[in-house]
Amino acid sequence: MATNVTSAAEKLKKIQGGLSLQDVAKLSESLRKEKNQAVSGAVAKEAESAVSQLSALKKTITPVVAALGGGTAAAALTISSLNWSKLPKILLYLAIIAAGVFSTLNFGLWAGALFFGVLVLVFALKSEKIFSFFSTILTFVFFTALLIIAPLALGVFAKMPAWLLLTVEIVLFFMVFSVNKNAGYLALLVIIVFVPWLHYYATEVVPQDSALAEAVFAAEEQFGGIKNFSPKNIVEYFSNIAKISVAEATGDYYSSNVDSNAKKKLGVFIEDIVSTQKPAVFVAGQPLTFYTKIKAQSLDFDFGMKLSCEFASENVVKGVMVPDTIDFVKQELAGEGDAFDFTDADCVLSDSSKLLPGRHTVSIVGSFNFATRSYLSAYFIDRGKKRELERRSLWNEWISGLPSNAFNPIHTSGPIKIGLNAGSQPVPISSKDKEGPTVSITIEKAVDGYVKSVNSILLMLPKGLSLKDVNGDVGNAVKVTCFDLDETEQKGCDDAYTNIYKVDTEKVIGAFDVSAGKSVYNFVTFRAHTLIDDYNALMGSGATILPKKIKATALYDYELRKDADFSIRAVKT
Amino acid sequence: MSKNIFLLVVTFVLLVSCTGQFLPSSKQTVFIPETHSGTVGVDVSFLDNAPPNEVFENQWFELGFVLENKGAVDVRNGVFVVGVPEDFETRDSVYDSFGLKGRSLFYPLGDSKFYKLKVRGRELGPMVERMPAMVGVDVCYPYKTEFSAFVCIVPEFSGSLKKERVCTPSAQSFAGQGAPVAVTKIDVPQVLPHDNPTFVKPQITLHVKNLGKGIVLSRQKFGDACTQRASKDVYNIINIDGSISDAPLTCTPQQLRLSEGDNVIVCTAEDGLEKSRGIHNALVNFNLDYGYLTKKTKPITIKRVLE
């Protein structure tokens, strides 16, 4: 509860410039409730201060809301008097509202009030020329924002692939031109300038640790896949969405959240491939050299990567990577903030005569092994106690004492994500039960690249719970100890608290498509049935249910690929 | 003019007598704590920074907490359990019994005791930077609500209209009585006929509610609530007994199962009161016996040690 008030007060401090009135109302209500329930002086003070800040803010909202409402009404009246057809009028009206709201949210209530104040003045003058000028500017601002923000948002949050985003962009452009051609041309100009800037400079200018950097980085990754635009990919994309939807509905797909406590983005990345000459046009027979940076971020284990490169032609021509293996040492990567390590790598083809004149693609491929971990807090309660609490209408109160998101699994960042589920929580058990909960594990590819092979999957159950079988077959997993694991996995491992099982990946992960070179949108779920072998160990002591951790680790070989186009022209004779 | 001066003087006298600020007083006031007020029994709170909000893996830290009896009743043989999840380890005992005096002249704020444990965050797994965890203290103890109030008993209706009444029967509302369970209301007292025509049976209807932030337990089985054991009849059970002018009251139900809604108990003086007492203010006393569970949790994040 104290955490909720503190986080609510922090949220209030982060509201800068812009306000969502709904947020203000909700926050104010929750803080008022928290204030009434505060038990410590410090928390009560913070809640009071937050509530009084909100009250002060609320006082400024009323006159501004009146100005916004007045401006909107004036805009509606004036637009309705124009001799335009219905659709452009509606679009213009929406553009005006969106621009006003956008400026309010980003630049503050006073900016929004000023915007609408000017609008009221303009409409009051009822000058067609001024109105036309403003409508062009507003439409331009609205659609430019839409053309930039919509694909960023769809790419980052909806994880829509770049080639689909391109389709969305094209549709939006047609909309812009249908409303106002001048605004459309202006928006197009801004896009042409903005996108290259985003590509070349944004990752260096924006703070690396910020949410904006994450969005920019993700957008970069998304747009990099734009050449995957093909009808086949469209079908595969939507069929995978359908598969996930069906699996979720039938209870065969379990998700997890990325560890939000891990501030660092971790993993391995291949930067864009750069040729030694710009433009990337070579003469037939000339040696070809391309280079890139391999970036490793926040890895706390020794890590080796094999590199290779190839040139796509009628036949695939192999190049030479210098170096062909890279070893990152864990000590060099650890540290506060983002820990990067870069290594340059060159791809050389000494004799390009093997490639015919024309367009070609160079690909640099990095293979490495990686691990993703996921953990789930499982809460066990005696079945009889649960019934008693329910009978006495105390169950909801009991559950509310658990942390928010208590039942959500967390997975570490990486190319694969692991979803965990232990059935309905808290898990009711009794001393007479033999069967424990069924633990479901879903493994899904998370980012670009290809899973070459899943080498091992470890399932760690809390003491008191043992594994009966995986997917109904007892031979699908074997019990191991911490000593049997490699040095990295031994970190934090304690046989006194955990039963560790190694899952037979060949038998269980057979359905997972690991073909390299193919865009993989696949996931696999398997179910581990458990037995209760020590009821008291699972129960613990005290009235508060304390969580037991269920963990899963997947170790796999992953392949990253980066492509770049270049041209070879024939020797002039 | 003289009228104005007179009015000023009167106003001045009224002000002085009401505030008393300008009249030096040689009396020394004695602070007598109001013991039977409030809705808190035993309160538990963690010490500042013990435990801290964040600890490093493999780091020892102190988990300290204070038990304070802020209610009116002494606690004997209460138990507490410190919830230390497997993300931590401790070599100290995580449970103990305790006793605390309630508020009184000698303990105006109630008695308090301080406990501490040494706890260590376990090593985090690979690639895990932070692990959110939670520690908690559960306190289960027997408690009592001691309630007293005057109620107006009118033994006979006839004739009372003409005479000047000492009191008028009415419903009354109450705030906390120095315990988490409180009598919140007494309905208008009723008077029932007795077998003996010179006696009447007063009937008191009271409303009871859990105003504290914890959970009401059975007085006999309160300790079970601080375990994961499943027991029946552990939660929301209150035993009631009372008296009116030293005559015992028979209450229905005698053992109340507390619910979220209105909890009503009807108590009748079966032995009766003499009618000859006439209209009078009778002192009613009620004792509500129960156990109580108070919980307190604190989130702690275990952080990675960076090499």
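Every value quoted in this text rests on a predicted model; they were computed, and no experiment measured them. First the proteins, then the strands, lettered A, B, ... as listed; each starts at 1.
Counting heavy-atom pairs closer than 4.5 Å to chain B, the top residue among A/Met539, A/Glu388, A/Gln490, A/Lys386 is A/Glu388.
Shown here is B/Arg257, whose CZ atom has more than 12 heavy atoms of other residues, nucleotides or ligands within 6.0 Å. Applying the 6.0 Å contact sphere to CZ of B/Phe114 captures more than 12 heavy atoms from other residues, nucleotides or ligands. At most 12 heavy atoms of other shown residues, nucleotides or ligands fall within 6.0 angstrom of atom CG in B/Asn77. Remark: B/Asp48 CG is loosely packed, at most 12 non-hydrogen atoms of other residues, nucleotides or ligands lying under 6.0 Å away. Around atom NZ of B/Lys295, more than 12 heavy atoms belonging to other residues, nucleotides or ligands sit under 6.0 Å away. The number of heavy-atom neighbours closer than 6.0 Å to OH of B/Tyr95, taken from other residues, nucleotides and ligands shown, is 12 or below. Taking a 6.0 Å sphere around CD of B/Gln254, one finds it holds 12 or fewer heavy atoms contributed by other residues, nucleotides or ligands. More than 12 heavy atoms of other shown residues, nucleotides or ligands fall within 6.0 angstrom of atom NZ in B/Lys221.
Separating the CG atom in A/Leu394 from the CD1 atom in B/Ile215 is a distance of 5.0 Å, to the nearest 0.5 Å. Taking CD of B/Gln228 as the start and OH of A/Tyr535 as the end, the distance is 7.5 Å to the nearest 0.5 Å. Atom CG of A/Leu546 and atom OG1 of B/Thr297 lie 10.0 Å apart (nearest 0.5 Å). One distance of note links OH of A/Tyr375 with CG of B/Leu124; it measures 8.5 Å at 0.5 Å rounding.
Annotation: cation-pi pair A/Arg391/B/Tyr235 absent, no NZ/CZ under 6.0 Å from the ring centroid and within 45° of its normal.
Closest heavy-atom contact between A/Pro547 and B/Glu86: O-CG, 4.3 Å. The minimum heavy-atom distance between A/Glu397 and B/Lys213, with the atom names listed, is OE2-O, 4.3 Å.
In this structure the side chain of A/Lys549 reaches within 4.5 angstrom of the side chain of B/Asp87, judged on heavy atoms.
Looking at B/Val234, B/Leu258, B/Ile237, B/Asp233 one by one, the single match for side chain to side chain contact (heavy atoms under 4.5 Å, CB included) with A/Arg392 turns out to be B/Asp233.
Using a 4.5 Å cut-off between heavy atoms, A/Asp494 contacts chain B through its side chain alone, with no backbone atom that close. Heavy atoms closer than 4.5 Å to chain A are found nowhere in B/Val135, neither backbone nor side chain. Both the backbone and the side chain of A/Lys548 come within contact range of chain B, with heavy atoms under 4.5 Å apart. Interface remark: A/Lys463 contributes no atoms to any contact with chain B (heavy atom separation under 4.5 Å).
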